[in-house]
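To start, the structure under review is shown below, and the notes come after it.
Worth knowing before you read on, the calculation uses all heavy atoms, side chains too, and leaves out hydrogens, waters and symmetry mates. All ligand and atom numbering here is 1-based and tracks the order in the structure.
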Amino acid sequence: MKLNRRTFMGTVAATTSALAAPMVMAAGHGRPKVVVVGGGAGGATAARYLAKDSKGEIDVTLIEPTRAYYTCFFSNLYIGGFRDINSIGHTYGTLASIGINVVHDWAVGVDRDAKTVSLAGGGTVPYDKLVLSPGIDFVEGAVEGWDLSAQNAMPHAYKAGSQSELLRAQIMAMPQGGTFAMVAPPNPYRCPPGPYERVSMVAHLLRETNPTAKIIVADPKEKFSKMGLFQEGWANNYEGMIDWIGSDFGGGNVSVDPGAMTVSIDGEVTKVDACNVIPAMKAGRIAHLAGVTDGNWAPVNAADMSTKADENIYVLGDSSQQGDMPKSGFSANSQAKVCANAIRGALTGSRVFPARFSNTCWSLIDTDNGVKVGATYEATDEKIAKVDGFISATGESAELRKATYEESVGWYDGITADMFG
Ligand code: FAD
């Protein structure tokens, strides 16, 4: 074998780790380096736990272009008028204060041989372990007539912030008795109950401001998360307002014309006043550029969230293809803690605990009317596998629904503190 510097360093690392397994030596320059791409639910949590628990033993860099991250979770409550936009915005100062090197830039490439991440602003960042949690991007051409250049006329509001503000403003500007349309996404996608909580929140807002308005939902699916709970809630609270058109009735046969503000569902063209297009999704672009995806998503090992393609690259949250967990902020946070524990073990020899995961998705149907679905999970050789679960029941008392909503408010405060410090 011809020895160059890289293979030589690799040989040293392999020999050392064979002697002192499971520790992996850093690439010859001080503390081991972990680079985290994406400062959302998964990435912020992973960076925070790595920095906090390693007590300075690991050099953690977080690459995130935005200075303020707006959570998608509770963005529907903003649209419904239950939250202020600032209440769902989070900055990175606290993460920087615990020693994380926060770089506000886009990661635009990964060199897996050199183990570096390149930045849009120029320069590269070296890593021993790389964590990718870039969320979702949209599948091009998924909804005929729609692409990203149409996102102002027909917002997706599936990455929160300005898109959420735009969608709410467009709903508020609808004429009395006007029509709101949603094009719902096919599985799998970020936050299974998200589109239907949004329908509920739009209905709530319209009932207050525009009670004769109509909502049309074109859906490529036959059924959806918490369907019975939502349909009960829509019938009880927004009677006659919401027309959900599932795949059995042509809901998947959709095209839009953002210029004319029309939606065609199974050949029937409707003029609309506001339109929320949520296209099919795939892993964030950087996961594809890193070469760790297979089709739309990045397959991972359940025990530590390392990718099947590269043991030094981990993918968290929505971008990962992991098994039974829904793509949610709670899931991303749970996966990030498992991943951070495993990486710390690999880099410093600290104790690694068996992987356990949990998730709950709360949804607000109307004022003080919260419902939830959740489960616990474990790592098997094959996937993250569901252990047991629970779901709210139809016909629950108003007291229980109020308590469920209050529980969700407490969850939001707790989990965002767990992510952003
Ligand atoms: P994100 O949180 O989206 O973070 C990705 C980050 O990566 C972003 O900050 C982005 O700027 C950054 N990034 C992307 N590409 C790059 C790059 N190349 N370089 C650097 N940075 C990059 N989940 C719940 O648990 N509960 C809920 O109630 C809930 N409600 C929701 C409601 C709606 C309407 C929506 C849309 C989602 C909801 N979710 C909810 C889902 C939740 O928001 C996502 O599942 C979660 O944010 C996924 O975390 P993530 O880390 O994978 O991605």
Atom 33 (C) of ligand 1 [closest protein heavy-atom partner, distance rounded to 0.1 Å]:
C72 O, 3.5 Å
List the residues meeting ring-ring contact (aromatic ring centres under 6.0 Å, His included) with H288, not counting sequence neighbours, and say none if there are none.
none
Judging by distance only, is a nitrogen or oxygen of E64 under 3.5 angstrom from one on ligand 1?
yes
Test of understanding: with ring-ring contact (aromatic ring centres under 6.0 Å, His included), list the residues that count as partners of Y69, not counting sequence neighbours.
F420
E140 with K282: basic N within carboxylate O range, under 4.0 Å:
yes
Honestly, for R190 the part within reach of ligand 1 (heavy atoms, under 4.0 Å) is side chain
Please work out, at 4.0 Å between heavy atoms, whether the side chain, the backbone, both, or neither of C361 comes within that distance of ligand 1.
neither
Got an N/O contact under 3.5 Å between T360 and ligand 1?
no
Just distances here: any N/O of A157 and N/O of ligand 1 closer than 3.5 Å?
no
Atom 49 (O) of ligand 1 has as its nearest protein heavy atom A41 CB, 3.4 Å
List the closest protein heavy-atom neighbour of atom 52 (O) of ligand 1: residue, atom name, distance to the nearest 0.1 Å.
D318 N, 3.0 Å
Hey, what's the ring geometry for F330 with W411, parallel, tilted or perpendicular (30° and 60° as the breaks)?
parallel
Would G329 count as a polar contact of ligand 1, with the cut-off being nitrogen or oxygen pairs under 3.5 Å?
yes
Within a distance under 4.0 Å of any heavy atom of I63, pick out the atoms of ligand 1 and give their elements.
20 (C), 21 (N)
I need the atoms of ligand 1 closer than 4.0 Å to a non-hydrogen atom of S75, numbered in the order shown.
34 (C)
Looking only at protein heavy atoms, identify the closest one to atom 28 (O) of ligand 1 and say how far it is in Å.
F73 CB, 3.6 Å
Do K221's NZ or CZ and the ring of F224 fall within the cation-pi criteria of under 6.0 Å and 45°?
no
Atoms of ligand 1 less than 4.0 Å from G317 heavy atoms?
52 (O)
If we only count N/O pairs under 3.5 Å, is W106 in contact with ligand 1?
no
Sub-3.5 Å N/O-N/O distance, P65 and ligand 1:
no
Side chain K159, main chain I136, donor-acceptor under 3.5 Å:
yes
If you count the atoms of ligand 1 from 1 in the order shown, which ones are under 4.0 Å from a heavy atom of C191?
29 (C), 30 (N), 31 (C), 32 (C), 37 (C), 38 (C), 39 (N), 40 (C), 41 (C)
Is G284 near ligand 1, meaning one of its heavy atoms is under 4.0 Å from it?
no
Under 3.5 Å between some N or O of ligand 1 and some N or O of F330?
yes
Ligand 1 to I136 polar contact by distance, N or O atoms, under 3.5 Å
no
Ring centers of F82, H204 separated by less than 6.0 Å:
yes
Any N or O of N359 closer than 3.5 Å to N or O of ligand 1
no
Return yes if a side-chain donor-acceptor contact under 3.5 Å exists between W234 and S200, otherwise no.
yes
